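Have a look at the structure that comes next, please.
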Amino acid sequence: MNFRFQNLLGAPYRGGNAVVAENTVLYSPVGNRVAATDLAKSQTITLPFEASSNIARIAVSPDGNFLLAVDDAARALFVNLRRRAVLHRMTFKRPVSAIRFSPDGALIAVGLGKLVQIWRSPGFRKEFFPFHLQRTLPDCAAAVTALDWSPDSKYLLAGSKDLTVRLFCLQRSKGSNKPFLFLGHREAIVGAFFGTDKKTNRVCKVYTVSRDGAIFTWNLEESRNFDGSRGDISDPPSPGTPEQRPPGRNLIENPVELENDDIKPMNLDALNAEESGIPLHRAKWELLKKDFFMQSPEKLTACDYHRELDMVVVGFSHGVFGLYQMPDFVCIHLLSISREKITTAVFNKLGNWLTFGCAKLGQLLVWEWRSESYILKQQGHYYDVNCIAYSPDSQMLATGADDNKVKVWTVSSGFCFITFSEHTNAVTAVHFMANNHCLLSASLDGTVRAWDLFRYRNFRTFTTPSPRQFVSLASDPSGEVICAGTLDLFEIFVWSMKTGRLLDVLGGHEGPVHGLMFSPTNAVLASSSWDKTVRLWDVFEGKGAVETFPHTHDVLTVVYRPDGKQLASSTLDGQIHFWDPIDGLLMYTIEGRRDIAGGRLMTDRRSAATSSSGKYFTTLCYSADGGYILAGGSSKYICMYDVADQVLLRRFQITRNLSLDGVLDFLNSKRMTDAGPLDLIDDENSDVEEGIDRQTRQKIGHDLPGSMANRGRPVVRTKCLNIAPTGRCWAAATTEGVLLYSVDESFVFDPTDLDIDVTPEAVDEALAEDQPQRALVLSLRLNEDSLIKKCIFAVNPADIPAVSSSIPFKYLQRLMEAFAELLESCPHLEFILQWSQELCKAHSHFIQQNSRSLLPALKSLQKAITKMHQDLTDTCSSNEYLLRYLCSSGTKI
């Protein structure tokens, strides 16, 4: 039962800023989590930690070791990316609008409203409070919007909504430390960047970008102060104050001393302001030129600058982005990626890839601008995911949502590889056929569509004589018959898969048919309805309802156990009923109202303990061996029950995101006002009029015109659960997206048959004495993964049949799991396949008799072999003619 969070699908990006670290790893906020996408390996994972609310800003240290994530409530997480562990937590006093690590990684600049704070960056040191506030810069007159460090980490640019950019010096020096102001913009600043000389890598110019599409280029005049004088950087003399000269003063800072002494004077004209000792905030800057992107009335919403290439990328509120070569302002690309606001645009370290994010669409793009090709193109579901289904080989996951789309994801990589958008209304059910190459989907638009996963097209559409709204879907084990339940006339329609013709209409229910499932072993169809009944139908004989199981409350869903000998149904009173479908008897009942209860909505008049809403299960799913069942509903919890003992094994909390409604059990009365809860009051400012900054996920088309469910605040719930056929992972369609949980055995020590003589030293001793059979059995008793694999490779291929026949029966499942893992990672394909073959030959009778308990391990092994077979097939088919040529040339020689 050791399931842990593995990944989050269905939403690659939902708002905030994206960051590219180590040139190929893209970090993007997804709600209160952070997704890491490896662009080189084409793989995405979601980091295992959670923030308390939606993440607003993230920053990665220059060495790629640390991540600082700040949420909407100004709570910060400092994360070690190597270990994926949270090192420190702290709270800033006000919302954070910008955050940036210094190039040397020692400092962090944070924009808090009108303030700019400089914090010391925590490292691997063990300290009581590692965050130390170094300085606070209170000069801005409005909220800070942009920050940028100089290459030497001594200076900081801060852009603000007061239409100015300020240049701060972070080193204490004699004289005034007032920042230099870059003025002239007519709207809020979006970006401010240091430009450097490519030969000396010293700051020589500054670019400032404002929201109205203007970019100003500022040039640093050599060896001149802001007052036009040369060299002398002291403050104007005060009357009546004697001149003071600190001991040990740098000679370069005072060229007058150089001329008076016997030292040869230096050529100050050849030095820039930084070399001559003049701080940048006191040097003279001149406005070199003003350029405009000419996209009015649209606003500039995102920008980034690459220092080595001297290029600027900008994104606008109508989905257009531009790439410009500076300082000549030459347009290299000007393209449109959508019609919605671009909320983030960043370069990678080399500058060859551009990353764009669109929060409203949940879209994340990585574009190679030289070859004009996509490196990454991912988009999640725009609205809530309603249904999910695993493929028979557990390698793919299909999702259907309220945005009328069906997406198919690769579970191992976390990427969506095909999107079907032919449906015209919300998708309510998806189902994989047994051949793994066909996908079915049902929708409220009155159609059931069949999709070909080879050619990626809709090859068959099942309809009814008059329009219906489908909410459930099932197919028999042979794949000949398709059934769908309706929402409006309470009927079940039956079609032929081969011809697409309507075969039968099953009537008898008096409420919407929300649950449909065929028995895995025969052609009996089980249906559940809000009329308080579960009915069994013999579809092929056409006898109508074979048996009816009455309940005391509305039945919400029904599922079969994988062996077909048990049926589970969930009712509105929070109970799960287990039936024997053969004898028609009630076997067990689980009372789950207290287990799933939790979470109070902002609009609830009653507390979470006394409220009756949401205390029921809307989705059920059996494990692969039928030993336990998962149950979820309109709550923040997913419950796992042991079927035989009817006890709660574990309760998973799907999210701790306080931005969602229903996460808190007790509401804070201080946030209640005469106008209602503060969290539900629309206080959006006018600064985001040009587009949506964060994706909103709410239902469409199901409420009255103009109404918003819960005033637009998303409610935490689980709409669908599905366990993979291998039994080692399961998925949940929630408000946050599709959560994947898998068995994590990397940190678990679970010996199966341990005594004082079973030690790693004993295993090594058996291997040294050339006893691989004894060593393998000892490693299986110790149940340590690395030792088991070491002993497998120590067996001579000629001895595999003998060693396989001597393996005790109780270790077969563990050995099969090890083979499945090795097939995915090690190059010794034939060796592992020979092991698998001999093991199945030697213990075929036991495997057949105990197929139910061994089913998860067998499915995992089958999945690994199938994947390897597909990879080899693709490789060989693409090189077929080359292989033929090599074979023919070899015979001639």
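Source: prediction; values computed, not measured. One-based numbering along the sequence shown.
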Worksheet item: Should Asp384 and Thr734 be marked as a side-chain contact (heavy atoms from CB on, under 4.5 Å) after you check the CA-CA gap, both sets of side-chain angles, and the distance that decides it?
Response: CA-CA 8 Å; Asp384 287 346; Thr734 68; over 6 Å; no

Fill in: Gly15 versus Ala359, closest heavy-atom pair with distance
CA-CB, 3.8 Å

Item to complete: For the residue pair Arg307 and Thr196, confirm or rule out a side-chain donor-acceptor distance under 3.5 Å.
Response: no

Worksheet entry | Distance-only polar pair, side chains of Ser371 and Ser373, donor-acceptor under 3.5 Å | yes

Discussion item. Quick check against the 3.5 Å criterion: does Trp369 have a side-chain atom that pairs as donor or acceptor with the backbone of Gly351?
Written reply: yes

Discussion item. Pair Asp212, Lys299 - check salt bridge (charged side-chain N to carboxylate O under 4.0 Å, His left out), show working.
Written reply: CA-CA 6 Å; Asp212 58 353; Lys299 301 297 183 182; over 6 Å; no

Worksheet item: Which heavy-atom pair separates Phe193 from Val209 by the least distance, and what is that distance?
Response: CE1-CG2, 4.3 Å

Worksheet item: Are a donor atom and an acceptor atom from the side chains of Glu340 and His318 found within less than 3.5 Å of each other?
Response: no

Worksheet item: Looking only at side chains, do Asn657 and Asn54 share a donor and an acceptor under 3.5 Å apart?
Response: yes

Worksheet item: When rounded to the nearest 0.5 angstrom, what is the spacing between CG in Leu739 and CZ in Phe5?
Response: 6.0 Å

Worksheet, complete the sentence: For Ala345 and Asp304 the tightest heavy-atom approach is O-CB, 3.2 Å

Item to complete: Sorted by first residue and then second, give each salt bridge (Lys or Arg N to Asp or Glu O under 4.0 Å) pair with at least one member in residues 313-338; sequence neighbours left out.
Response: none

Response to the item:
Of all heavy-atom pairs linking Ala36 and Tyr27, the shortest is CB-CE2, 3.6 Å

Fill in: Heavy-atom pair with the smallest gap, counting every atom of Ser97 and Arg57
O-NE, 3.0 Å

Fill in: No-hydrogen, no-angle side-chain donor-acceptor test under 3.5 Å, Ser317 and Glu298
yes

Worksheet entry | Test ring pair (Phe, Tyr, Trp, His ring centres under 6.0 Å) applied to Phe168 and Tyr155, step by step | CA-CA 6 Å; Phe168 294 98; Tyr155 299 95; over 10 Å; no

Worksheet item: Any chance CZ of Arg455 has more than 12 other-residue heavy atoms, nucleotides or ligands included, within less than 6.0 Å?
Response: no

Item to complete: Given side-chain contact (heavy atoms from CB on, under 4.5 Å), test Leu365 with Ile337 step by step and report yes or no.
Response: CA-CA 9 Å; Leu365 304 174; Ile337 56 176; 3.8 Å; yes

Item to complete: Using atom types as modelled and distance alone, determine if a side-chain donor or acceptor of Thr145 lies under 3.5 Å from a backbone N or O of Ile189.
Response: yes

Practice prompt. Could you list all the side-chain hydrogen bond (donor to acceptor under 3.5 Å, both in side chains) pairs where at least one residue sits in residues 32-41, not counting sequence neighbours?
Written response: Asn32-Glu50, Arg33-Glu50, Thr37-Thr44

Discussion item. Can you confirm whether the side chains of Asp72 and Ser53 place a donor and an acceptor under 3.5 Å from each other?
Written reply: no

Worksheet item: Can you say whether the rings of Trp367 and His333 are parallel (under 30°), tilted (30 to 60°) or perpendicular (over 60°)?
Response: perpendicular

Worksheet item: Side-chain donor-acceptor pair under 3.5 Å between Asp402 and Tyr382, yes or no?
Response: no

Worksheet item: Taking the side chain from Asn23 and the backbone from Leu350, do they hold a donor-acceptor pair closer than 3.5 Å?
Response: yes

Worksheet entry | Verdict with supporting geometry, His423 and Asn404, side chain to side chain donor-acceptor pair (under 3.5 Å) | CA-CA 5 Å; His423 282 296; Asn404 315 341; over 6 Å; no

Worksheet item: Can you list the steps and then say if Thr46 with Asn7 is a side chain to side chain donor-acceptor pair (under 3.5 Å)?
Response: CA-CA 5 Å; Thr46 306; Asn7 209 348; 2.8 Å; yes

Response to the item:
Here the gap from Ser659 atom OG to Arg14 atom CZ, rounded to the nearest 0.5 Å, amounts to 11.0 Å

Fill in: Any donor-acceptor N or O pair under 3.5 Å, side chains Asp197, Asn201
no

Worksheet item: Could you walk me through whether Asp148 and Leu156 pass the side-chain contact (heavy atoms from CB on, under 4.5 Å) check?
Response: CA-CA 6 Å; Asp148 189 43; Leu156 181 70; 5.9 Å; no

Practice prompt. Indicate whether any N or O donor in one side chain lies under 3.5 Å from an N or O acceptor in the other, for Asp162 and Thr164.
Written response: yes

Worksheet item: Do Lys719 and Asn386 have a side chain donor and acceptor closer than 3.5 Å?
Response: yes

Practice prompt. Decide, yes or no, whether a salt bridge links Arg82 with Asp63 under the criterion of side-chain N to carboxylate O below 4.0 Å.
Written response: no

Fill in: Interatomic spacing from CG in Leu740 to CG in Leu397 - rounded to 0.5 Å
6.5 Å

Worksheet item: Are a donor atom and an acceptor atom from the side chains of Tyr207 and Asp310 found within less than 3.5 Å of each other?
Response: yes

Worksheet item: Do the ring centers of Phe216 and His185 come within less than 6.0 Å of each other?
Response: yes

Worksheet item: Is the backbone N or O of Arg370 less than 3.5 Å from a side-chain atom of Glu368, with the two atoms forming a donor-acceptor pair by type?
Response: yes

Worksheet item: Passes side chain to side chain donor-acceptor pair (under 3.5 Å), Arg75 versus Ser52? Steps please.
Response: CA-CA 8 Å; Arg75 299 185 182 95; Ser52 60; 3.0 Å; yes

Worksheet item: Charged N to carboxylate O under 4.0 angstrom, Lys407 versus Asp403?
Response: no

Worksheet item: Just wondering, more than 12 heavy atoms not from Lys205 lying within 6.0 Å of its NZ?
Response: yes

Discussion item. Just verifying a value: how many Å separate Lys93 NZ and Leu115 CG, rounded to the nearest 0.5 Å?
Written reply: 13.0 Å

Discussion item. Please confirm whether the ring centroid of Phe293 lies under 6.0 Å from the ring centroid of Tyr324.
Written reply: yes

Discussion item. Looking only at the aromatic ring of each residue, does the gap between the centers of Phe92 and Trp119 stay below 6.0 angstrom?
Written reply: yes

Discussion item. Looking at Lys377, I want to see if its NZ is surrounded by more than 12 non-hydrogen atoms of other residues, nucleotides or ligands under 6.0 Å.
Written reply: no

Worksheet item: Under 4.0 Å between a Lys/Arg side-chain N and an Asp/Glu carboxylate O for Lys349 and Glu308?
Response: no

Item to complete: Any chance you could measure Ser153, atom OG, to Ile118, atom CD1, to the nearest 0.5 Å?
Response: 10.5 Å

Discussion item. Using the rule given for side chain to side chain donor-acceptor pair (under 3.5 Å), can you reason through Thr344 versus Tyr13, listing the C-alpha separation, both sets of side-chain angles and the distance that settles it, and then say yes or no?
Written reply: CA-CA 10 Å; Thr344 183; Tyr13 172 72; 5.1 Å; no

Worksheet item: Aromatic ring centroids of Phe316 and Phe321 under 6.0 Å?
Response: no

Worksheet item: When you look at CZ of Arg84, are more than 12 heavy atoms from neighbouring residues, nucleotides or ligands closer to it than 6.0 Å?
Response: no

Practice prompt. Compare every heavy atom of Val313 with every heavy atom of Leu323, then report the nearest pair and how far apart it is.
Written response: CD1-CB, 4.1 Å

Discussion item. side-chain contact (heavy atoms from CB on, under 4.5 Å), that's the test. Do Val406 and Thr399 meet it? Break it down for me.
Written reply: CA-CA 6 Å; Val406 177; Thr399 59; over 6 Å; no

Discussion item. Would you say the rings of Phe182 and Phe180 are close, in the sense that their centroids are separated by under 6.0 Å?
Written reply: yes

Worksheet item: Does the ring centre of Phe347 sit less than 6.0 Å away from the ring centre of His306?
Response: yes

Discussion item. Could you measure the distance from the CG atom of Leu658 to the OG1 atom of Thr655? Nearest 0.5 Å is fine.
Written reply: 8.5 Å

